[in-house]
Amino acid sequence: MIRNVRWLRSSLTLILILGLSSSACSGLSPGDYVVYRLSVSTLSYTAGCFEDGEIPIDLKSDVSDVGVPATVVLHAGPDETFYLDMGSVTYKGTATGKGFRFTGESVDVNLETGGPMMMDAKKEEVRTTTTIEFEVDGASVQGTIAEQIEYRCTGDACPEISQRTCKRNGSFVGSEVEDVELEHTI
């Protein structure tokens, strides 16, 4: 009898641990997905987002509480990897204690030769790093979008400000769209 009680306690503890760890990892298995409808706030910009290093006066004075609509798909991949499909781009992420964290980085390099004498040549590099914190509370979601864009230019034809960093930040709120099935054409 004592052995059975110990075994039962051990089993219940193991079940609780497994249950908590699976809920912390979202409960989504590879191939599962959830569709969310979001309202994304207007992004804020730093001065480094503009060629002359100053926020234009007409943009600096703008104020809006109108959100931009977006429909996103959160789907589970193998090895506890998750993907946030935003329509035109997809970010890879992991589960966190409150939801998910998605990140992505891209580097765009542009080379311009300056003609036969190689005058006015330049190399421009734009590195964009995006981080999305996606908090889930039942069927409701909220979070932040942070984007850092680093611009560097080398060569004779570069603008006066040859290095700058732009930061764009925004937030979103939304909810799960139920009874949605995605169609895939092959």
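None of the values given here were measured: they were computed from a predicted structure.
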In Å and rounded to the nearest 0.5 Å, what is the CZ to OG1 distance from Arg168 to Thr46?
-> 10.0 Å

Centroid separation Phe102 to Tyr83 less than 6.0 Å = no

Do Phe100 and Val40 share a hydrophobic cluster, counting only Ile, Leu, Val, Met, Phe, Trp and Tyr and linking them when any side-chain heavy atoms are less than 4.5 Å apart?
-> yes

Quick one: closest heavy-atom pair of Pro30 and Pro78, and the distance?
-> CG-CA, 4.1 Å

Can you tell me if Glu133 and Thr144 form a side-chain donor-acceptor pair at under 3.5 Å?
-> no

One should read off an interatomic distance between Gln142 CD and Leu38 CG, to the nearest 0.5 angstrom, of 11.5 Å

Taking the side chain as every heavy atom from C-beta outward, state whether Val136 and Tyr36 have any atom pair closer than 4.5 Å.
-> yes

Taking the side chain as every heavy atom from C-beta outward, state whether Val126 and Val107 have any atom pair closer than 4.5 Å.
-> no

Check the pair Met86 / Ile132 against side chain to side chain contact (heavy atoms under 4.5 Å, CB included), numbers first and verdict last.
-> CA-CA 11 Å; Met86 301 186 75; Ile132 301 170; 3.8 Å; yes

Using a cut-off of 6.0 Å, state whether more than 12 heavy atoms not belonging to Lys122 lie near its atom NZ.
-> yes

Looking just at side-chain N and O atoms, do Arg37 and Thr71 make a donor-acceptor pair shorter than 3.5 Å?
-> yes

Determine whether Ile145 and Phe172 make a side-chain contact, defined as any pair of heavy atoms from C-beta on separated by less than 4.5 Å.
-> yes

Can you name the nearest heavy-atom pair linking Gly67 to Ser39, along with the distance?
-> CA-OG, 3.6 Å

Any Glu176 side-chain heavy atom under 4.5 Å of Val141 side chain | no

More than 12 heavy atoms from other groups under 6.0 Å of CG on Asp137 = no

For Lys123 and Val109, run side chain to side chain contact (heavy atoms under 4.5 Å, CB included): C-alpha distance rounded to whole Å, both residues' side-chain angles, the deciding distance at 0.1 Å, then the answer.
-> CA-CA 7 Å; Lys123 175 184 175 185; Val109 177; 3.9 Å; yes

Got Leu28 and Leu74 here, is their nearest side-chain heavy-atom distance under 4.5 Å?
-> yes

Exam field: side chain Ser162 to backbone Cys158, donor-acceptor pair closer than 3.5 Å = no

Nearest 0.5 Å, what's the CD-CG distance between Glu124 and Asp108?
-> 9.0 Å

Working to the nearest 0.5 Å, report the span between NZ of Lys92 and OG1 of Thr103.
-> 8.5 Å

Using a 4.5 Å cut-off on heavy atoms from C-beta on, say whether the side chain of Asn169 contacts that of Glu147.
-> no

How long is the span from the CD atom in Glu51 to the CD1 atom in Ile161, to the nearest 0.5 Å?
-> 9.0 Å

Following the transitive rule for hydrophobic clusters with a side-chain heavy-atom cut-off under 4.5 Å over Ile, Leu, Val, Met, Phe, Trp and Tyr, establish whether Val89 and Leu84 coincide in one cluster.
-> yes

Quick check: does any side chain N or O of Ser41 sit under 3.5 Å from a backbone N or O of Ser171, one acting as donor and the other as acceptor?
-> yes

Residue pair Thr94 / Glu80, side-chain heavy-atom distance below 4.5 Å = no

4.5 Å side-chain heavy-atom contact, Phe50 and Leu59 = yes

Taking Asp79 for the side chain and Thr81 for the main chain, is one N or O donor matched with an acceptor at less than 3.5 Å?
-> no

Does a salt bridge link Glu105 with Arg127, judged by any charged N lying under 4.0 Å from a carboxylate O?
-> yes

Hey, does the Lys NZ or Arg CZ of Arg164 hover above the aromatic six-ring of Tyr151, less than 6.0 Å from the centre and inside 45° of the axis?
-> yes

Mind checking the SG-CG spacing from Cys153 to Asn110? Nearest 0.5 Å is all I need.
-> 9.5 Å

Centroid-centroid under 6.0 Å between Phe134 and Phe82 rings | no

